[in-house]
4 protein chains.
Amino acid sequence: MKPKIRTPFFEIGTKNYVYGDTVLEYALAAEEASKQYDIDVLFTLPVVEMRRVAERTSRLILIAPYMDTLRPGRGTADILPEGIYAAGARGVVVNHCEKPMSLPQIKATIERARELDMLVFACADTIAEAKAIAELHPDIINPEPSELIGGTGGGVSDMGFVRESIRAIKAIYSDILVEQAAGITNGQQVYDFIMAGSEAAGAASGIMKAADPVAMIDEMIAATRRAADDLKKQGN
Amino acid sequence: MKPKIRTPFFEIGTKNYVYGDTVLEYALAAEEASKQYDIDVLFTLPVVEMRRVAERTSRLILIAPYMDTLRPGRGTADILPEGIYAAGARGVVVNHCEKPMSLPQIKATIERARELDMLVFACADTIAEAKAIAELHPDIINPEPSELIGGTGGGVSDMGFVRESIRAIKAIYSDILVEQAAGITNGQQVYDFIMAGSEAAGAASGIMKAADPVAMIDEMIAATRRAADDLKKQGN
Amino acid sequence: MKPKIRTPFFEIGTKNYVYGDTVLEYALAAEEASKQYDIDVLFTLPVVEMRRVAERTSRLILIAPYMDTLRPGRGTADILPEGIYAAGARGVVVNHCEKPMSLPQIKATIERARELDMLVFACADTIAEAKAIAELHPDIINPEPSELIGGTGGGVSDMGFVRESIRAIKAIYSDILVEQAAGITNGQQVYDFIMAGSEAAGAASGIMKAADPVAMIDEMIAATRRAADDLKKQGN
Amino acid sequence: MKPKIRTPFFEIGTKNYVYGDTVLEYALAAEEASKQYDIDVLFTLPVVEMRRVAERTSRLILIAPYMDTLRPGRGTADILPEGIYAAGARGVVVNHCEKPMSLPQIKATIERARELDMLVFACADTIAEAKAIAELHPDIINPEPSELIGGTGGGVSDMGFVRESIRAIKAIYSDILVEQAAGITNGQQVYDFIMAGSEAAGAASGIMKAADPVAMIDEMIAATRRAADDLKKQGN
């Protein structure tokens with residue numbers, strides 16, 4: 001069964017900023033914060049560390065940054081869906097701007113993910129692209145202007161973009177979860193995005209390039225909790 | 001330090017024929033045979049299982065079927081050299097016919113492998129291609145006519161191809177090890193190739209599609225031992 | 001100014017079935033039929049023959065099967081938008097199943113086409129893919145199940161698919177023209193698709209592999225005329 | 001029959017710096033200089049202008065910057081070898097750093113070029129890559145350190161690189177012609193390279209970004225003539 005996600009949730013991507021034991025260290029920090037604040041956390045990590053992180057955590061929902069669509073057999077360098085599932089992946093990213101995929105490839109990946117009850121986490125650069133990819137009905141969309149990725153753009157998504165992207169995606173399929181991640185570098189931004197209507201926030205470089213990534217993981221997941229509580233008080 | 005390999009050696013590729021626990025099972029069988037027959041064994045496996053196999057074996061030389069050349073940072077879906085090294089990989093395949101690479105990409109991969117003291121295992125389809133790739137000075141070349149890969153071609157490389165490919169590669173760099181792998185489906189072929197002058201033999205589909213892959217691993221590594229002994233008797 | 005297209009129109013793709021003088025021959029046949037039946041005809045042809053066909057025809061709307069998005073400069077093997085425009089192209093195909101493109105690449109191509117007032121002719125495999133690409137607002141969509149392409153699938157699109165694809169695309173942007181092309185091998189099918197509500201029909205292999213391609217071009221464009229007249233009689 | 005080339009020859013690449021009528025203008029200037037100085041000139045240009053240039057020139061040897069290896073049929077956006085040959089191409093570039101190709105793809109392109117008696121013009125970045133590609137036996141190799149391409153590197157290849165690349169390539173196949181092109185921006189450099197033993201010189205950005213490209217074409221081809229004459233005087 002596909003993992004259930006309670007909103008608001010938080011998503012962490014290590015990308016390739018770290019490797020080896022550091023991936024595990026951050027995963028354990030995320031696991032700990034997920035427990036402490038009772039927030040669902042998606043953790044996107046290189047497939048090479050998938051199994052070890054899966055064995056050492058129980059609450060994190062582990063996401064592979066990519067998979068191919070082959071079935072068991074040849075394809076020596078491909079990432080086999082069954083292989084990453086066996087190692088603990090419960091979701092997969094499609095269409096990340098650092099790994100562009102063709103439309104037929106996105107569709108095929110979604111179909112393979114469905115077979116294995118894996119979540120599909122889709123990225124999109126603009127609102128038009130978010131709407132295009134929404135038509136393929138992924139579970140989560142992260143509309144993220146590519147100029148804000150990697151912490152080089154000097155800004156976060158503005159609230160107009162946030163609200164419009166949520167509205168546009170929900171108009172196509174209301175059950176798609178919309179995460180905001182572009183340019184988030186502290187807990188306050190996490191709080192603000194969720195208060196503005198986002199069902200999730202996420203960060204990659206905002207954590208990986210922080211002075212203290214472990215502390216930042218705690219700060220951001222704590223902020224998710226605070227927003228969840230304040231939303232509840234407001235009757236949402 | 002780059003792993004030293006004693007010849008004749010044997011190479012096993014799981015490709016994506018198996019995944020999860022089965023990869024470990026075959027790795028343990030290879031480890032056991034490597035010990036029993038005192039033969040060096042290269043084991044090529046999906047990166048997702050790299051760490052677990054590394055933790056459970058000590059003699060196998062683990063090879064990744066591919067890596068990218070980025071350095072730690074972004075590149076969310078890339079295979080980071082430092083990442084697979086940290087997980088236990090001590091070599092990498094370049095130019096497998098199922099993952100074609102451009103010449104500049106092959107060169108860049110070799111340079112990254114050199115930085116990390118990883119072996120470079122290069123594939124080639126024809127003798128001309130083997131000579132081309134030999135100029136880039138990988139550690140091992142596996143000249144393997146692509147029509148014989150996957151066990152669909154109904155044959156093994158003939159001895160003329162074997163001898164000519166060894167001669168042509170050694171004429172360029174005599175320290176490149178030459179492995180024959182195309183179409184091998186039993187221990188006798190392993191023995192024959194090594195007796196004909198090959199410094200190594202290998203199999204992927206020949207093991208993965210065997211009735212009893214674990215037994216076949218033993219059979220082929222035992223045959224490597226037998227050939228090693230008979231060569232020694234012949235004074236080679 | 002972007003070419004205006006009167007509906008119903010007809011589209012011909014030569015793909016690489018023919019080359020050299022034969023491309024010109026078919027273009028002249030299409031030009032002649034376009035005049036005779038007063039039907040707008042889109043003609044998709046390899047860029048290498050673009051200029052000659054443009055110099056010898058005046059009614060055909062010439063479409064390039066692909067372009068890159070670079071601007072004048074390096075990129076030695078790329079297809080420069082300004083280059084094909086100068087040679088006579090007035091439109092470009094995006095996302096043909098024989099040349100898959102990533103979503104960001106499709107968007108970038110559409111933007112470059114807009115700069116040059118070129119039509120964007122988008123292909124899609126399924127209704128979900130057609131809806132996804134419709135969100136990017138091309139001028140024309142050809143929803144064409146890939147198993148029907150090349151005349152190997154033994155059938156044409158059924159009327160249910162035709163009507164549903166038109167409805168789904170028009171619900172997103174009503175000004176997108178919808179062409180049906182999959183599996184068309186004779187004039188009667190052209191007539192039937194247009195009578196069923198399609199604003200256009202098209203053929204590639206259905207013409208290129210016909211016993212007499214020149215006669216088939218005439219037959220299909222004549223059928224487009226017939227459908228146009230009958231629709232008018234019906235008061236559409 | 002494959003075009004015969006007399007050495008020293010000169011090669012001009014327009015890349016995508018120019019398009020439309022300007023490509024023809026430069027081709028006519030090259031044609032004129034080729035006649036005046038009796039020097040063989042290879043002219044590499046976008047395929048979209050191939051036919052027009054072929055129709056208006058008779059001495060230039062026209063080179064396509066890329067081709068695919070399909071045979072007549074589907075493959076709508078591919079560059080068909082027969083198609084560019086019919087339009088006048090008599091050679092094709094392989095492995096340009098702006099269009100990297102895998103080794104199997106390079107081999108397949110060379111085979112298709114052989115079928116059509118087209119010249120194969122191979123690029124290489126380093127001496128190791130030049131040797132690798134020499135093993136595939138193209139007609140011409142242009143060893144061109146990529147940092148010197150496009151006139152951004154602020155320098156030309158030094159004479160040590162020139163002599164070593166010629167020596168290394170000729171040791172593999174002595175009939176491969178070696179051209180130097182990296183960073184050439186004036187006639188004197190053309191003269192110097194040829195006097196240093198290069199059988200050819202070439203320029204792309206050195207002409208395309210010159211203040212007066214037509215005059216530079218004349219200057220460089222004149223320099224080729226001067227070098228040819230001086231070599232003859234020296235008894236070479």
Side-chain angles (χ1 to χ4, degrees), chain A residues 13-24 44-55 63-68 70-89 92-101 123 146 149-152 204-205 208-209, chain B residues 13-24 44-55 63-68 70-89 92-101 123 146 149-152 204-205 208-209:
Chain A
T14 69
K15 297 196 178 179
N16 275 308
Y17 286 108
V18 292
Y19 58 89
D21 295 342
T22 312
V23 176
L24 179 61
T44 307
L45 74 167
V47 296
V48 73
E49 295 299 341
M50 189 65 68
R51 181 176 288 279
R52 182 163 63 156
V53 169
E55 285 170 355
I63 311 288
Y66 174 77
M67 70 184 190
D68 290 289
L70 82 164
R71 293 187 181 280
R74 297 174 57 168
T76 188
D78 284 9
I79 305 297
L80 178 72
E82 282 78 2
I84 57 171
Y85 183 89
V92 67
V93 179
V94 295
N95 200 43
H96 194 282
C97 70
E98 292 162 19
K99 184 78 172 183
M101 299 165 75
C123 298
S146 59
I149 296 177
T152 55
S205 66
M208 300 302 141
K209 294 164 123 178
Chain B
T14 67
K15 296 196 178 179
N16 275 308
Y17 286 107
V18 291
Y19 58 89
D21 295 342
T22 312
V23 176
L24 179 61
T44 306
L45 74 167
V47 295
V48 74
E49 296 298 340
M50 189 65 67
R51 181 176 288 279
R52 182 162 64 154
V53 169
E55 285 170 355
I63 311 288
Y66 174 76
M67 69 184 190
D68 289 289
L70 83 164
R71 293 186 182 281
R74 299 174 56 169
T76 190
D78 283 9
I79 304 297
L80 178 72
E82 282 78 3
I84 57 172
Y85 183 89
V92 66
V93 178
V94 295
N95 200 44
H96 194 283
C97 70
E98 292 162 19
K99 184 78 172 183
M101 299 166 75
C123 298
S146 59
I149 295 178
T152 54
S205 66
M208 300 303 139
K209 295 163 120 179

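- Proximity to chain A (any heavy atom under 4.5 Å) is shown, for B:Ala77, by both the backbone and the side chain.
- Looking only at heavy-atom pairs under 4.5 Å with chain B, the residue among A:Gly20, A:Gly75, A:Ala64, A:Gly13 that has the most is A:Gly75.
- Looking only at heavy-atom pairs under 4.5 Å with chain B, the residue among A:Leu70, A:Val48, A:Ile84 that has the most is A:Val48.
- When all heavy atoms are compared, the tightest approach of B:Tyr17 to A:Arg74 is OH-CG, 3.1 Å.
- To the nearest 0.5 Å, the span separating NE2 on A:His96 from OG1 on B:Thr76 amounts to 5.0 Å.
- Taking CD of A:Glu49 as the reference point, atom CZ of B:Arg51 lies at 4.0 Å (rounded to 0.5 Å).
- Atom-to-atom distance recorded for A:Asn16:CG and B:Asp68:CG is 8.5 Å, nearest 0.5 angstrom.
- Atom CZ of A:Arg52 is separated from atom CZ of B:Arg52 by 14.0 Å, given to the nearest 0.5 angstrom.
- Among residues two or more places apart in sequence or in another chain, the side chain to side chain donor-acceptor pair (under 3.5 Å) test is passed with B:Thr44 by B:Glu11.
- When A:Pro72, A:Gly73, A:Ala89 are compared by the number of non-hydrogen pairs under 4.5 Å with chain B, A:Gly73 comes out ahead.
- The choice from A:Pro46, A:Pro65, A:Ala86 that makes the most heavy-atom pairs within less than 4.5 Å of chain B is A:Pro65.
- Per-residue counts of heavy-atom pairs under 4.5 Å with chain A were compared for B:Lys99, B:Glu82, B:Met67, B:Glu55; the largest is that of B:Glu82.
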